[in-house]
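Data first, discussion second: the structure below is written as structure tokens.
Order of the sequence lines fixes the chain letters, A, B, ..., with proteins taken first and strands second; residue numbering starts at 1 for each chain.
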Amino acid sequence: MRTFFLQRDPDTNPEIPDSLPEAAARILEGLNPVQRQAVQVTEGPVLIIAGPGSGKTRTLTHRIAYLIATGRARPHQILALTFTNKAAREMMERIERLVGAEAARHIWMGTFHAIFARILRREGQRIGYTPDFSIYDTDDAERLLRELMARYHIDPRQYSPRTIRHLISGAKNQMIGPEEYARLVASPVQEKAAKLYGPYQEALRKANALDFDDLLLKPIELFEQHPDVLQRYQERWRYLHIDEYQDTNRAQYVLARKLAAAHRNLCVVGDDAQSIYAFRGADIGNILSFQRDYPDATVIRLEQNYRSTRRILKLAEAIIQHNRDQLEKRLWTENPEGDPIVLIEALSERDEAQKVEQRIRDLHVRYGYGFRDFAVLYRTNAQSRSLEEALRRGGIPYRVVGGLSFYQRKEIKDVLAYLRLLVNPHDAASLQRVINYPARGIGQRTVEVLMDYARQHGLSLWQAIERVEEVGLSARAQKAVQEFHFLIARHAAKMDTVPVDELARTLLQESGLLEELRREGTPEALARWENVQEMLNAIAEYVATAGEQATLSGFLQEVALLTDLDEMPEDNRVTLMTLHASKGLEFPVVFITGLEEGLFPLAQATQDRKDLEEERRLFYVGVTRAQRHLFLCYARSRYRYGEQQPSVRSRFLEELDTDVIVTEAGLPFRRGEVLDRRPRSERYVELDSHYYRRPLQQRSSSGATRRVVYDEGAGEIVPGARVEHAIFGEGKVLALEGQGDQARAIVFFPEVGQKKLVLKFARLRRID
DNA sequence: GGGTGGCATCTTTTT
DNA sequence: GATGCCACCC
């Protein structure tokens, strides 16, 4: 079952001691000297520049715990802002271990969007939003825009609603209002966007709805119009922390500045080299100019990497050195050299996927890596398909993160629309979504008439429905509309008396949605039905955990901000995801696929230096996810627009000047050189087919418990065992020496004599 | 008003 | 290669 990340508003001060001296000492232990410094500078602005794998989260969490343990701050006086719920939860769990669950629960921790949605819930009334406002995701926003485009006679085929939304969102991210944007217009599309921007905002307001950008902009508006409110929050939060500071946009920057103005205890953590969200308004300038904004800031650099092998870090440096505009930073590690990075060339995407599958199988069997130790990364979500197919064929369990997430599925959005309508009937997007789903005789024409009426009388669509008799519809249509109205109103009236989970269940029942899915009877419909049930369970769970504070609108607002990425990968599966989604994660084995011109870097990003540098940082992010083994893959041809098209190796590979990469044949890779033209069979060392015939067993291994397993069912290699070698034939193990990757066996082969073999490479098979 | 079939259209990345 | 939109028929 899905568990939601929900937190009570941590206002009240719990009964926890003022300080925890023994915890404070423990918190400092296990940190390196630089990290310790970052934890102990508790006053004034702090900039922590943290390279990949440098223990950034650890440092941040220890810092927060330290503030509590030393009594410098009460838990509810600390605000920590992240970009994903997952990051927040991870930090929360660590803090719990350091200072206890009770104290941790009262820290204000969460994503920017979630925290400010909560603020708006409490204070939004001052700027005209009731607490039951709806949150519109990009889908809802585009739906709204589409409607406006129709009204303004803008052809959606000529100017896509998506582009328009993107432009408006970009303007909002930079805090540019409709009037100002209209002045800046420089192209026909922008002109259309400018025309729609104002009406779009108006439509949102009329629906008592906010889009993602509004969740940041409206709090700014609130704080500017009501300095007393700002002052209250400034005083409440004595310590402000921001993770992934390089990803903040203009609005987030302004919010941070405002909130930190009184105490100036602002601690930001980030890595300019990992800035990959400029497309959604992130301004790398925020981190680059932090020292200018706060001249008295303490700057701390976490440069020691604990994650990756030397070779992987060398590659990362070789990549990033092609970018200008970097903060100075030198990564180093005490980790071993590690294996060379393997460059894999495939004939097609299918071939690429197959090779990835074989490598996973090989490493799983040979080193005993669990499936959860693998990540396969790609640039676009569409690339997952071929990989999924290959893994499914190979019987390797996997999960895909991102893509179409649970919350973006049609049936879930339908359910949410019904529920949103219940708490906020003015929510036009939700109303239009479900007014005729399941079909109940309210067609497009009827809806249009209602909308016209609403507009003429300055009403919301819902208000028009409330007085449907005046609208002048046919008797049949009017009756259908009235029935729908009654359905919603009847349930809305019970909101205060019936528990929300029960209410939701009966509403969906009576709407006919569940029946509709069951009636279809296809496996897909069944799956959708189950998803709906899961959603209902989640509501029940929410009621159980949030107790008194459980309101349907609260639930809906939290859910609107959740994504699949927030879920924990508990089972032992290979992870497939976009490079973007991989940020902040680490895996023993990483594959980066699709390193081809036009795909990575994406064609659209090759024109502008800034875009190209962002793509390069994305490559850097991907590479630095790997702990021990890294594979870089590309295909010589790929399906695009439903057609097989030749592709060219990525410039990111051609520009590398490094000796850490080898080809599949084990030869050093040199840029600009064609890999190999020999027939495939001779080209690379075939992986031992012996492994591939066996069904795979899931092993519950993680890095820590890794055993050297060279062959399933044949036992481990021990002195005295009879073994078989691919070239030398049968032999007998005389002795073993060395550890881990260095482990060697001395084997006597009757035909060739005594050999000393590195177990890792020899692939001995026990035969007795 | 509802349902079906054919055509066109894109595919960045996400809170 | 999937989704959305339109035209056509019931």
Item checked: 5'-most by nearest nucleotide on DNA chain B - Arg440(A) or Glu614(A) ->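 Final value for this comparison: Arg440(A).
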Checklist line | Which residue lies more 5' along DNA chain B, comparing Gly443(A) with His166(A) via nearest heavy atoms | finding: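 Going by which nucleotide is closer to the 5' end, it is Gly443(A).
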Distance check needed: [N] [atom2] versus [X] [atom1], whole Å only.
{"X": "Gln252(A)", "N": "dT15(B)", "atom1": "CD", "atom2": "P", "value": "12 Å"}
{"X": "Glu142(A)", "N": "dC5(C)", "atom1": "CD", "atom2": "P", "value": "11 Å"}
{"X": "Asp139(A)", "N": "dT15(B)", "atom1": "CG", "atom2": "P", "value": "14 Å"}
{"X": "Glu388(A)", "N": "dA2(C)", "atom1": "CD", "atom2": "C1'", "value": "14 Å"}
{"X": "Lys86(A)", "N": "dT14(B)", "atom1": "NZ", "atom2": "P", "value": "14 Å"}
{"X": "Glu147(A)", "N": "dC5(C)", "atom1": "CD", "atom2": "P", "value": "13 Å"}
{"X": "Gln444(A)", "N": "dC6(C)", "atom1": "CD", "atom2": "P", "value": "9 Å"}
{"X": "Asp211(A)", "N": "dT14(B)", "atom1": "CG", "atom2": "P", "value": "18 Å"}

Reckon [X] touches a base, only the sugar-phosphate, or nothing at all at heavy-atom distances under 4.0 Å?
{"X": "Arg617(A)", "value": "nothing"}
{"X": "Phe212(A)", "value": "base"}
{"X": "Asp213(A)", "value": "nothing"}

Next item on the list: Return no unless some side-chain N or O of Asn436(A) is found under 4.0 Å from OP1 or OP2 of dG2(B).
Entry: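 So the side-chain polar atoms of Asn436(A) do come within 4.0 Å of the phosphate oxygens OP1 or OP2 of dG2(B), strictly under.
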Note to self: Is the ring pair Phe591(A)/Phe631(A) parallel, tilted or perpendicular, if the boundaries are 30 and 60 degrees?
What the structure shows: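 Phe591(A) vs Phe631(A) ring planes: parallel.
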Kindly point out which of [options] is positioned nearest to the side chain of [X]?
{"X": "Thr84(A)", "options": "dT15(B), dC5(C), dA2(C)", "answer": "dT15(B)"}
{"X": "Thr446(A)", "options": "dG2(B), dG1(B), dT15(B)", "answer": "dG1(B)"}
{"X": "Arg476(A)", "options": "dT15(B), dG1(C), dG1(B)", "answer": "dG1(B)"}

Just to verify, what does [X] make a salt bridge (charged side-chain N to carboxylate O under 4.0 Å, His left out) with, not counting sequence neighbours?
{"X": "Lys192(A)", "answer": "none"}
{"X": "Arg350(A)", "answer": "none"}
{"X": "Arg651(A)", "answer": "Glu597(A)"}
{"X": "Asp452(A)", "answer": "Arg455(A)"}

Item checked: Under the side chain to side chain contact (heavy atoms under 4.5 Å, CB included) test, residues paired with Val447(A) that sit two or more places apart ->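 Listed in chain order: Ile435(A), Ile442(A), Met451(A).
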What does the list of N/O pairs under 3.5 Å between the protein and nucleotides 8-12 of chain B look like, with a distance for each?
residue	atom	partner	partner atom	Å
dT11(B)	OP1	Arg162(A)	NH1	3.1
dT12(B)	O2	Arg379(A)	NH1	3.2
dT12(B)	O2	Arg379(A)	NH2	2.8

Next item on the list: Using the P atom on both, measure dT13(B) against dG4(C) and round to a whole Å.
Entry: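 16 Å, rounded to whole Å.
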Check: If only atom types and distance count, is the side chain of Arg165(A) paired as donor or acceptor with the main-chain N or O of Arg143(A) below 3.5 Å?
Finding: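 Pair absent, no side-chain N/O of Arg165(A) close to backbone of Arg143(A).
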Next item on the list: Establish, from distance only, whether the side-chain atoms of Asn173(A) and Asn249(A) form a donor-acceptor pair under 3.5 Å.
Entry: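 Per modelled atom types, Asn173(A) and Asn249(A) side chains form a pair under 3.5 Å.
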